[in-house]
S.K.: 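Here you go, one structure.
Counting convention: from 1, in listed order, for ligands and their atoms alike. Count residues from 1 along the sequence.
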Amino acid sequence: MIDDPARNPGLLKLDLYCKGMQLDESCFVEDDGGRPIMRTRAGLGSGLELILPDGLWTNVPVTEPFAKRSPYTLKKNRGAYEIYLDGKLAARVGLSPQPVWYDWKTSQGRAMRRVGTLQGTYLGIYPARVCEYWLEYPGHPHKDNCKFCSVGLNLGKDDGDEKTVQEVVEVAIAAWRESGVTYVDFNTGHYDGDTFIDILEPYIRRVKEETGVLIGVQTPPHPDLARYDRLKEMGVNRVSFCFEIFDRKRFEEICPGKHRQYGLNTYLNAVEYCARLAQKNTIMDEPWVSNGEIIAGLEDPQSSIDAIEWITEQGAIPTVCVFRPLLGTDLASAEPPRTEDMVPVFRRLYEACMEHDLPIGLAPNINVSLVMLPEEGRYLLDDAAKYRSKEFKLAVKKKLFRTKFLTAQKRLRDRRHNVHAERYPTAVTH
Ligand code: SF4
């Protein structure tokens, strides 16, 4: 592995998650077309969206105290943005462009960026009310939110409250047409009565019908696992279960609501069940992947690696976030993880996905800023040639999938243009 972040963009992405970055006074990100720093309901995203060398999209911590003592500084120099490491130029970077539709209004008069936000190049939507672990009400006298989470701190701030199906469809169409979005991710917290999938289904059906994009769903595990067969039939392409921590004792400490309500085994059973649905898939079906999501840095690195081994053995794909001690959260004063502890975790992420022939990096135009993608773990390999023949096979699959998907998208875009202009004018004409 090249161990100099100035020469290894993957290592730079990881090191910036762990150390954050200072902003020099020469930076005027929004005036220069960059995205505002938003504390959205995405929970972990609070930073500056940038594009690193090799086209790696990222979200760099800049507001938390640890970022104020970072060795990295972003400066603007003769019109270009550059990252310096200990005063030496490390990388020329781009600002992730602010979408034109962020300030457009929905038919109900709300700014579109309060309905959905771009995270990297995909659209993230949190359509329902706040996760109930954050609330106190009869039968739930004490908050038991996850300790790293900022979702309940954001009420009434950058992201709006409940959104109608009409508004979400308008924003999805605007993002699809103007930003070339190919993937929409729906996210909810916990609601008593396990209503989260019932809530999401009408949004999913309409967005799929109008745009044909790939759809992901991130909710707690539903006790009726057959609901995932139904989501698959509906055209959902990815289900993600955030159990965050594989160490049972740490899980109980950090995620008290999840422990009380579901328990770690319920999450693991859902990951496993949905991975089995992927094995039933034929070439004619919509793609389908099961994800297990963890946060590295909240447990021993070996435990994160054990989680990666378990998830990939099921045929599911791990999503690995780097812990960020967000302002205002219960863990605000904790330290972020050390880069040297994270390198083996992300290296193993890539290796395990390749060893289990998992379909990573196939979908077009999905650049994720909030996490290091499994395929980005390749930057951390000691022997980059190790998986050459598997990478070749994956590249062939990727080409076939992209051609099929983008051809279908172009047809749909042409077919729906007039319908959208008539039915959803706020999403098409400004
Ligand atoms: S389940 Fe935990 S991480 Fe998810 S929104 Fe609720 S408190 Fe936050």
S.K.: Show which atoms of ligand 1 fall inside a sub-4.0 Å distance from at least one heavy-atom site of K258.
M.R.: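 Answer for ligand 1: 1 (S), 2 (Fe).
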
S.K.: For atom 7 (S) of ligand 1, find the nearest protein heavy atom and state the residue, atom name and distance (0.1 Å precision).
M.R.: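 Heavy-atom neighbour on the protein nearest atom 7 (S) of ligand 1: C146 N, 3.3 Å.
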
S.K.: Should the heavy atoms of other residues, nucleotides or ligands under 6.0 Å from NZ of K390 be counted, would the total exceed 12?
M.R.: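 Enclosed: over 12 neighbouring heavy atoms sit under 6.0 Å from NZ of K390.
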
S.K.: Answer yes or no for C131: is there an N/O/S atom below the 2.8 Å cut-off from atom 6 (Fe) of ligand 1?
M.R.: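 C131 does place an N, O or S atom closer than 2.8 Å to atom 6 (Fe) of ligand 1.
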
S.K.: Considering non-hydrogen atoms of the protein only, which is the closest contact for atom 8 (Fe) of ligand 1, and what is the distance?
M.R.: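 Closest protein heavy atom to atom 8 (Fe) of ligand 1: C149 SG, 2.3 Å.
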
S.K.: Do the numbers put K76 on top of the ring of F28, so that NZ or CZ is under 6.0 Å from the six-membered ring centre and no more than 45° off the axis?
M.R.: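 Ring-cation test returns no.
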
S.K.: Evaluate N365 against T182 for side-chain hydrogen bond (donor to acceptor under 3.5 Å, both in side chains), listing each step before the verdict.
M.R.: CA-CA 7 Å; N365 191 33; T182 54; 4.7 Å; no

S.K.: Quick check on contacts: which atoms of ligand 1 are under 4.0 angstrom from a heavy atom of N145?
M.R.: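 Result: 7 (S).
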
S.K.: What is the distance from atom CG of L373 to atom CD of E375, rounded to the nearest 0.5 Å?
M.R.: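 Between L373 CG and E375 CD, I get 4.5 Å after rounding to 0.5 Å.
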
S.K.: Do the ring centers of Y228 and F241 come within less than 6.0 Å of each other?
M.R.: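 Yes - the distance between ring centres of Y228 and F241 falls below the 6.0 Å cut-off.
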
